[in-house]
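I have placed the structure first, in the form of structure tokens, so that the comments after it can refer back to it.
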Amino acid sequence: MNAMNSLQKHGFWADSITYSELIKCCVSRGAVKEGKLVHKHVCSNGYEPKTFLKNTLLNMYVKFNLMDEAKKLFDEMPERNVVSWTTMISAYSNSKLNDEALKFLILMHREGVRPNMFTFSSVLRACDGLSNLRHLHCSIIKTGLDSDVFVRSALIDIYSKSGELQKGFRVFDEMVTGDLVVWNSIIGAFAQNSDGDEALNLFKTMKRSGFLANQATLTSVLRACTCLVLLELGRQVHVHVVKFERDLILNNALLDMYCKCGSLDDAKAAFSRMSERDVISWSTMIAGLAQNGYSREALELFELMKVTGPTPNYITILGVLFACSHAGFVEDAWYHFRSMKKLFGIDPGREHYGCMIDLLGRAGKLEEAIKFIHEMECEPDAVTWRTLLGACRVHQNVDLAIYVAKQILKLEPQDAGTYILLSNIYANSQRWEDVVEVRKTMKVQGVRKEPGCSWIEFNKQVHAFVLGEKSHPQIDEVNRELNQLIQRIMEAGYIPDTSFVLQDLEGEQKVDSLRYHSEKLAIVFGLMSLSNDKPIRIMKNLRICGDCHVFAKLVAKVEHRTIVIRDPIRYHHFKDGACSCGDYW
DNA sequence: GTAGGGTTAG
């Protein structure tokens, strides 16, 4: 500003380039007032500024988020080139005004201005809807701009975000020369679409091609570790995270990895070490504590957040309600549910209602839960009903379970777990005709039940055990060991629980196969392979059944081991004959 | 003077 003042004082008028430098200076310092002053000065210059200078001004207003001023300036420009148009399109894309961005692309075309790589990489981010995307992709290929790395990474990203991961991969695969961001785009695409395996494979290939990982790469790699529950690999990535210790997003991903991999000590350490924490950090930590059975701590952390942290959002409250429902804190849950709107202006959504239904159902208040469903502002969906079905399972309410299962199947006729449960209920009530009917429907619908599968990480390898499969090389040894173990814990009071009414939500319920449930095999493998001081960490695809839960508690006690089992919803930490869930899951 | 990638739930 001093520069401009002295120019003016001495009677000089700045030329376009000087003005442009001044404007850039204002933008970088976020000096809105001065920027507007320069604009005034430019206009009082007596002659019409060139398009180049106007574009700089346009960019300034966009960066200051003054879209009205930007639009006014743009409309009044006698001549608009590709930079003018692209600046506007980019602004609209950033503000998620997708329709405006696409409209401007059409308008610039009508004015005879040809889009360049800047235009395409901007407009791609605003492209929702596959037909638009296909159309745009064709135009890009026609202009030959698909070889540009910016366009390419934008294409990969938008395809993957539109659920067309394979198309995104094809764009990546056709690449001759790429850069780090293109790699990050494709690794991130697989990590975000829960294909951790492929994300990690690509990461290896990237390193072999000579690229060094940066913050974005490591964030995606951590996310891949999280979705595969690979704690040891996650720890190795942690070593590289230290280089970027001030990166908030990366640290949040690290925190989430430790929470989801069930290593709460590491998570707490990561949380306390962070130099900066945003609403995501707090929400992740609260949900992580809740998921691992530390509900009281989760609520305490939430109280601390209210006093010293950022304003809670929709997801934070979900974690809080989740904590309440998993520990049976009915009163706390009602308090948080009723006060979320008043305290933080958050309207309860379907998921919040879901947590409340879960809470009421677990606490045995099934009537209240149903009343609550009817009072919901949104229509109950399959997830809502499945929550209630879980409560019927815990509280052995057969009639309600049948009713609820039918509601689910109306909405999701492919839900294998619900069919199995329904057929079990009928079988147990000797309603054989109904059993036949359910089996027939499953056949007609082509529904197949997912086999129970558990896996454990050992020596940098994942060892998987699938019910009814003998593919693991040491399966015979594991089975022998399991039989001996069962003998040992029977002496400590283990009685196999064959009462499987409503016991299993999703299969694995044959009495004779109870003994070979995948988590039992994985536990035995852990006992055989890991040293005594290491906790046995197991992941599984279905929820743990009552019998395996008792089994794990007794093994932990008799063998003096810590066992950690992650099912699709939460963690069970078994130690000294007890589980962190307090038998409440 | 204009452009691309990464974090919490479901």
Side-chain angles (χ1 to χ4, degrees), chain A residues 16-17 19-21 23-24 27 50-60 62-63 81-91 93-94 115-125 145 148-158 160-161 178-189 191-192 194 199 213-224 226 244 247-257 259-260 274 277-288 290-291 312-322 349-352 354-355 381-384 568-569:
Chain A
S16 292
I17 294 175
Y19 275 130
S20 141
E21 287 305 316
I23 295 162
K24 274 198 275 182
V27 170
K50 286 180 192 157
T51 306
F52 164 77
L53 186 52
K54 290 219 161 172
N55 282 341
T56 315
L57 283 163
L58 195 60
N59 182 47
M60 177 186 82
V62 163
K63 290 277 156 61
N81 64 12
V82 61
V83 177
S84 332
W85 285 99
T86 304
T87 304
M88 291 306 285
I89 289 174
S90 162
S93 297
N94 281 336
N116 62 13
M117 55 272 251
F118 288 83
T119 325
F120 281 126
S121 48
S122 297
V123 80
L124 275 169
R125 301 197 315 127
L145 288 169
D148 180 78
V149 283
F150 281 75
V151 174
R152 191 177 291 271
S153 53
L155 266 174
I156 293 169
D157 192 53
I158 196 68
S160 104
K161 291 202 165 78
D179 67 357
L180 182 59
V181 179
V182 180
W183 278 103
N184 287 346
S185 304
I186 195 68
I187 294 170
Q192 282 157 46
S194 312
N214 69 359
Q215 295 96 311
T217 328
L218 293 179
T219 305
S220 293
V221 171
L222 278 175
R223 187 168 169 156
T226 307
F244 308 100
D247 192 298
L248 181 58
I249 297 178
L250 181 55
N251 273 295
N252 283 342
L254 183 73
L255 178 63
D256 189 44
M257 185 276 292
C259 285
K260 296 259 171 55
M274 284 168 77
R277 299 178 197 104
D278 65 358
V279 65
I280 295 184
S281 330
W282 288 85
S283 307
T284 305
M285 195 65 233
I286 290 170
Q291 229 167 15
N313 67 12
Y314 186 97
I315 296 169
T316 320
I317 306 296
L318 265 182
V320 171
L321 295 179
F322 187 80
R350 200 190 284 284
E351 287 111 328
H352 297 105
C355 276
D381 63 357
V383 178
T384 315
I569 308 218

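A note on names: the letters A, B, ... follow the listed sequences, proteins ahead of strands, and every chain is numbered from 1. All of these numbers come straight from a predicted model, not from anything done at the bench.
For the pair A/S93 (side chain) and A/S122 (backbone), a donor-acceptor distance under 3.5 Å is present.
Using a 4.0 Å heavy-atom criterion, one finds that A/I186 contacts no nucleic acid atom at all. Among the atoms of the strands shown, base atoms are found under 4.0 Å from some heavy atom of A/N81. Residue-level contact check: A/R152 touches neither bases nor backbone, having no heavy atom under 4.0 Å from any strand. When heavy atoms are screened at a 4.0 angstrom cut-off, A/K24 is found touching the sugar-phosphate backbone but no base atom. Note on A/S121: a base of the nucleic acid sits closer than 4.0 angstrom, heavy atoms only. Among the heavy atoms of the strands, none lies under 4.0 Å from A/V123. Across all strands, A/R350 comes closer than 4.0 Å to no nucleic acid atom at all (heavy-atom distances). Residue-level contact check: A/V149 touches the bases, meaning some heavy atom is under 4.0 Å from a base atom.
Remark: A/S121 OG to A/I158 CD1 distance equals 12.5 Å, nearest 0.5 Å.
For the OP1/OP2 pair of B/dG4 and a distance below 4.0 Å, the side-chain nitrogens and oxygens of A/K161 include no atom meeting the criterion. Considering only side-chain N and O atoms, A/N252 lies nowhere under 4.0 angstrom from the phosphate OP1 or OP2 of B/dT8. Applying the 4.0 Å criterion to OP1 and OP2 of B/dA9, one finds that A/Q291 has every side-chain N and O outside that range. Of the side-chain N and O atoms in A/S90, one or more sit less than 4.0 angstrom from OP1 or OP2 of B/dA3. Phosphate contact (OP1/OP2 of B/dA3, side-chain N/O of A/R125, threshold under 4.0 Å): absent. The shortest distance between the side-chain N/O atoms of A/R223 and the OP1/OP2 oxygens of B/dT7 is below 4.0 Å.
A donor and an acceptor atom sit less than 3.5 Å apart, one in the side chain of A/D247 and one in the base of B/dG6. Donor-acceptor pairing under 3.5 Å, judged by distance alone, is absent between the side chain of A/S220 and the base of B/dG6. Not a single donor-acceptor contact under 3.5 angstrom links the side-chain atoms of A/N214 to the base of B/dG6.
Rounded to whole Å, the distance from CD1 on A/I187 to C1' on B/dG4 is 15 Å. Between A/W183 atom CH2 and B/dG4 atom C1' the separation is 16 Å, expressed in whole Å. Atoms CZ (A/F322) and P (B/dG10) sit 7 Å apart, rounded to a whole Å. Rounded to whole angstrom, the span from the CG atom of A/L255 across to the C1' atom of B/dA9 amounts to 15 Å. Atom C1' of nucleotide B/dT8 and atom CZ of A/R277 are separated by 16 Å, given to the nearest angstrom. Between A/D278 atom CG and B/dT7 atom P there is a gap of 13 Å when expressed in whole angstrom units. The separation between A/H352 atom NE2 and B/dG10 atom P is 11 Å, rounded to whole Å. Across the protein-nucleic acid pair, A/F150 atom CZ and B/dG4 atom P stand 8 Å apart, rounded to whole Å.
With distances taken from any side-chain atom of A/T86 to the nucleotides B/dT7, B/dT2, B/dT8, the minimum falls on B/dT2. Listed nucleotides B/dT7, B/dT8, B/dA9 differ in distance to A/E351; the shortest reach to its side chain belongs to B/dA9. Closest to the side chain of A/N59, from the set B/dG10, B/dG4, B/dT2, is B/dT2. For A/I280, counting side-chain heavy atoms from C-beta on, the closest listed nucleotide (B/dT7, B/dG6, B/dA9) is B/dT7.
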Step-by-step side chain to side chain donor-acceptor pair (under 3.5 Å) determination, A/D278 to A/N252 | CA-CA 9 Å; A/D278 65 358; A/N252 283 342; 3.2 Å; yes
